[in-house]
Amino acid sequence: MATEQILKLKEKANWVRQRVLEMITTAGKGHIGGAFSCTDILTALYYGGILRFQAADPKWIDRDRFILSKGHSAAALYVILSDLGYFPSSELSRFQKENCILGAHPSLKIPGIEADTGSLGHGLGIGVGLALSAKLGKKDFMTFVLLGDGECCEGSIWEAAMFASGRKLNNLVGIVDKNSLCSTDFLENCVNMEQLEQRWKTFGWDAVTVDGHSLEELVAVLSQTRSRQSEKPLMIIANTVKSKGVSFMEGKPEWHHSVPNKEQFEIAKKELSEE
C-alpha cells in the first residue's frame with residue numbers, strides 16, 4: 001500500500017480514538033484501554049481494503065464475517081461502523097444511554113455486528129462455525145475473529161483452535177490483540193502467555209507476529225489472507241499497547257475500565273489531536 005494511503009489510515013485511526021474518548025467520557029463508563037489498543041487493527045480491516053462488506057446491506061450473503069470476541073472494546077468498532085454508514089452517527093453520542101442500540105458489548109441488534117460477545121472465550125468458536133458453514137456451503141467469504149490475549153486463557157479458545165485446524169479451515173483468520181494486560185493486572189502476573197505464536201502453531205495453525213500499531217505491517221499481512229495457499233487457519237499475533245495514544249493511560253491496568261475526569265479528558269484530547 002502506498003505511503004499516502006497508510007498516512008490516511010493513521011489519521012483515521014487517530015480520529016477513531018478521539019471519538020471513543022468522547023463517547024466513553026460522555027457515557028461515564030466504557031473500556032477505553034482495550035478499545036485504543038485494537039483501533040489500528042480495526043482500521044486496517046475496515047478501511048484497508050481487507051474486509052468485504054456492504055454497509056447498505058449488512059446481511060449481504062457474500063460478506064466477510066468479522067467477530068469482535070473481546071467485546072468490551074466495542075466502542076472503537078461502533079465508531080467505524082457508524083462512519084461507514086451502518087447506522088446514524090447520532091447513536092454515538094447516546095452510547096450506553098437508555099434506548100440507544102449501542103451497549104457496552106456488541107449485540108446482534110446493531111447493524112454490522114455478527115455475534116453477541118463480551119463473555120470472553122466464545123467468539124472464536126462462533127467464528128469456527130461460520131468458517132465451517134462457508135466450506136460446507138461452498139461460499140468464498142472469509143471469517144475474521146479479534147481476540148484479547150487475556151481471553152486466550154479460556155479453554156474454549158483452544159477447543160475451537162483444535163477443531164479449526166482439524167477441519168482445515170483456511171478461510172478463518174484470528175487476530176490476538178496482545179496488549180499484555182487483562183482486566184485487573186498485567187497478564188504475566190496471572191498466567192504465562194508468552195511464546196503465543198508457537199502455541200498456535202502447535203495447535204495446527206499458521207501464525208505470524210506483527211506490530212499491532214503499524215498500519216504498514218497490519219495491511220501487509222491481512223491483504224494476503226484471501227490468497228493464502230495453506231490449508232491451515234491463520235492466527236496473527238498483534239503486539240499492542242493498552243490505551244495506545246494517551247501517555248498517562250498507556251500500559252496502566254487501571255485504564256481497562258476507567259473514565260477520564262475533565263482535566264484528564266482535555267490532556268488526552270490534546271495528545272490525540274497532536275498525533
Answer whether the closest heavy-atom distance between the side chains of [X] and [Y] falls below 4.5 Å.
| X | Y | value |
| --- | --- | --- |
| Leu222 | Ile175 | yes |
| His256 | His31 | yes |
| Val20 | Phe95 | no |
| Pro260 | Trp255 | yes |
| Leu146 | Leu42 | yes |
| Asp64 | Arg226 | yes |
| Tyr86 | Phe53 | yes |
| Ile67 | Leu130 | yes |

May I ask you to decide if [Y]'s main-chain N or O and [X]'s side chain share a donor-acceptor pair within less than 3.5 Å?
| X | Y | value |
| --- | --- | --- |
| Thr39 | Ala35 | yes |
| Ser82 | Val79 | no |
| Asn170 | Ser230 | yes |
| Lys70 | Gly34 | yes |
| Glu250 | Gly245 | yes |
| Ser93 | Ser90 | yes |
| Gln229 | Ser227 | yes |
| Trp158 | Cys152 | yes |
| Ser156 | Gly121 | yes |

* Asked: Which residues pass the salt bridge (charged side-chain N to carboxylate O under 4.0 Å, His left out) test with Glu114, sequence neighbours left out?
  -> Arg63
Expected list for residues 4-12: side-chain donor-acceptor pairs under 3.5 angstrom, two or more places apart:
from  : atom 1 : to     : atom 2 : distance (Å)
Gln5  : OE1    : Ala2   : N      : 3.1
Lys10 : NZ     : Glu216 : OE2    : 3.4
Lys12 : NZ     : Asp83  : OD2    : 2.9

Over all atoms of both residues, closest heavy-atom pair of [X] and [Y]:
| X | Y | result |
| --- | --- | --- |
| Arg228 | Asp206 | NH1-OD2, 2.9 Å |
| Val219 | Gly48 | CG1-O, 4.4 Å |
| Gln96 | Ala104 | OE1-CB, 3.4 Å |
| Gly103 | Tyr78 | O-OH, 3.0 Å |
| Phe87 | Leu92 | CE1-CD2, 4.3 Å |
| Leu120 | Gly71 | CD2-N, 4.5 Å |

* Step by step, would you call Glu266 with Lys269 a salt bridge (charged side-chain N to carboxylate O under 4.0 Å, His left out)? -> CA-CA 5 Å; Glu266 293 300 330; Lys269 183 178 179 180; 5.2 Å; no
* Asked: Got a sec: does the CD of Glu263 have more than 12 other heavy atoms crowding it under 6.0 Å?
  -> no
* Neighbour count >12 (heavy atoms, 6.0 Å) for atom NZ, Lys168 -> no
Distance check, rounded to the nearest 0.5 Å: [X] atom [atom1] versus [Y] atom [atom2]?
| X | Y | atom1 | atom2 | value |
| --- | --- | --- | --- | --- |
| Thr43 | Leu218 | OG1 | CG | 9.5 Å |
| Ser165 | Glu231 | OG | CD | 12.0 Å |
| Ile32 | Ser243 | CD1 | OG | 6.5 Å |
| Ser107 | Ile101 | OG | CD1 | 9.0 Å |
| Ile237 | Leu147 | CD1 | CG | 9.0 Å |
| Lys242 | Cys38 | NZ | SG | 10.5 Å |

Verify the cluster assignment for [X] and [Y]: are they in a single hydrophobic cluster under the rule of side-chain heavy atoms below 4.5 Å apart?
| X | Y | result |
| --- | --- | --- |
| Phe265 | Phe36 | yes |
| Leu108 | Leu102 | no |
| Ile24 | Leu81 | yes |
| Ile41 | Leu21 | yes |
| Leu51 | Leu68 | yes |

* **Check against ring-ring contact (aromatic ring centres under 6.0 Å, His included), His257 and His72** => CA-CA 9 Å; His257 195 272; His72 56 279; 9.4 Å; no
* Asked: Should the pair Glu197-Lys201 be classified as a salt bridge under the 4.0 Å nitrogen-to-oxygen rule?
  -> yes
* Arg94 and Glu91 ion-paired at < 4.0 Å -> yes
* With Ser69 as reference, evaluate Glu154, His122, Glu151 under the side chain to side chain donor-acceptor pair (under 3.5 Å) test and give the passing residue. => Glu151
* **CA sep, side-chain torsions, deciding dist, call: Ile50, Ser223, side-chain contact (heavy atoms from CB on, under 4.5 Å)** => CA-CA 6 Å; Ile50 308 303; Ser223 63; 4.1 Å; yes
* May I have the step-by-step check of side-chain contact (heavy atoms from CB on, under 4.5 Å) for Leu196 and Thr209, ending in yes or no? => CA-CA 9 Å; Leu196 200 52; Thr209 299; over 6 Å; no
* Derivation and outcome, side-chain contact (heavy atoms from CB on, under 4.5 Å), residues Thr143 and Asn171 -> CA-CA 6 Å; Thr143 297; Asn171 57 346; 5.8 Å; no
* Any chance you could lay out the salt bridge (charged side-chain N to carboxylate O under 4.0 Å, His left out) test for Asp40 and Lys244, step after step, and finish with the verdict? => CA-CA 10 Å; Asp40 297 304; Lys244 174 68 175 178; over 6 Å; no
* With a cut-off of under 6.0 Å to the ring centre and 45° to the axis, is Arg52 in cation-pi contact with Phe141? -> no
* With sequence neighbours left out, which residue pairs that include part of residues 8-30 fulfil the ring pair (Phe, Tyr, Trp, His ring centres under 6.0 Å) condition? -> none
* To do: Let me see the working for Met162 and Phe203 under side-chain contact (heavy atoms from CB on, under 4.5 Å), right down to the final yes or no.
  => CA-CA 6 Å; Met162 287 187 288; Phe203 274 75; 3.4 Å; yes
